[in-house]
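Here, residue 1 is the first one in the sequence, and each next residue gets the next number.
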Amino acid sequence: MLEWMKKRGSPARDEAKADADVPKHHRYNKAGKYRWLYEYLEKRYANTVVLTFGQVEDLLGFALPDLARTDQEWWETADISTAEARCSDAWRLASRTARPNLMAQTVTFERVS
């Protein structure tokens, strides 16, 4: 990625930074049913974590929705119209962004700097 793009930031990075200011015990509760993915990502020291969709489902304990396997935007946009926990809360609260590779059925979680 070009340097100027990194400096410019993105809405996902800005949201993740804002969520990092939330106390840890509140982040855990806010992650709701996605808390195991949040915990996993929060405890990884690596700046980049790559998981298969199957590994994400193993962490969650339930299947991802069909859209997660076919729609890149499912990983990149948060539906703010609902008060209930969303999967994106897990990586945002862990100060990460998600970049899926739909062909490989993987997702790369990058720490927000």
Side-chain angles (χ1 to χ4, degrees):
M1 183 182 294
L2 300 172
E3 277 307 308
W4 66 271
M5 291 178 78
K6 288 181 186 176
K7 290 178 184 175
R8 188 181 76 194
S10 70
R13 286 188 186 277
D14 294 342
E15 288 174 8
K17 283 182 183 178
D19 286 330
D21 294 335
V22 176
K24 189 170 185 171
H25 65 281
H26 290 297
R27 284 184 266 162
Y28 181 83
N29 291 335
K30 187 176 177 186
K33 65 182 183 178
Y34 304 103
R35 69 183 165 274
W36 298 117
L37 177 58
Y38 159 74
E39 284 279 322
Y40 181 85
L41 294 172
E42 179 71 18
K43 292 180 179 180
R44 300 287 73 78
Y45 291 106
N47 288 329
T48 302
V49 176
V50 180
L51 297 172
T52 66
F53 291 173
Q55 289 169 321
V56 171
E57 290 172 332
D58 287 345
L59 286 167
L60 294 174
F62 54 88
L64 290 167
D66 291 338
L67 277 177
R69 296 180 186 282
T70 60
D71 187 0
Q72 184 119 357
E73 285 190 29
W74 186 89
W75 296 93
E76 295 172 354
T77 58
D79 178 11
I80 58 172
S81 66
T82 180
E84 67 185 50
R86 300 170 306 269
C87 197
S88 62
D89 290 338
W91 58 83
R92 287 182 44 236
L93 291 168
S95 298
R96 297 192 183 256
T97 59
R99 190 177 69 244
N101 180 331
L102 300 179
M103 294 292 287
Q105 298 286 284
T106 63
V107 60
T108 301
F109 297 99
E110 302 236 12
R111 189 177 314 279
V112 175
S113 54

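Residues D89 and Y38 have side chains not in contact (no heavy-atom distance under 4.5 Å, counting atoms from C-beta outward). Taking 4.5 Å as the limit, some side-chain heavy atom of W74 sits within range of a side-chain heavy atom of C87. At least one side-chain heavy atom of T97 sits less than 4.5 Å from a side-chain heavy atom of V112.
For F62, the side chain to side chain contact (heavy atoms under 4.5 Å, CB included) partners at least two apart in sequence or on another chain are K33, Y34, L60.
When all heavy atoms of A94 and L41 are compared, the closest pair comes out as CB-CB, 3.8 Å.
Judged purely by atom type and a 3.5 angstrom limit, R111 has no side-chain atom pairing as donor or acceptor with the backbone of S95. The closest donor-acceptor contact from the side chain of R96 to the backbone of N47 lies under 3.5 Å.
Once rounded to the nearest 0.5 Å, the distance linking CZ of F109 with OG1 of T48 reads 11.5 Å. Here the CG atom belonging to L59 is positioned 13.0 Å from the CZ atom belonging to R35, to the nearest 0.5 angstrom. Atom CZ of R99 sits about 9.0 Å away from atom OG1 of T106, to the nearest 0.5 Å.
Each of L102 and V50 belongs to its own hydrophobic cluster when Ile, Leu, Val, Met, Phe, Trp and Tyr are linked at side-chain heavy-atom distances under 4.5 angstrom.
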>> For a side-chain contact (heavy atoms from CB on, under 4.5 Å) check, start with the C-alpha distance between V56 and L37, then their side-chain angles and the critical distance, and finish with the verdict.
In response: CA-CA 7 Å; V56 171; L37 177 58; 4.1 Å; yes
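Sorted by first then second residue, the side chain to side chain donor-acceptor pair (under 3.5 Å) pairs that include residues 49-61, not counting sequence neighbours, are T52-Q55, E57-R69.
Ring pair F53/W75 is parallel by interplanar angle, where below 30° counts as parallel and above 60° as perpendicular.
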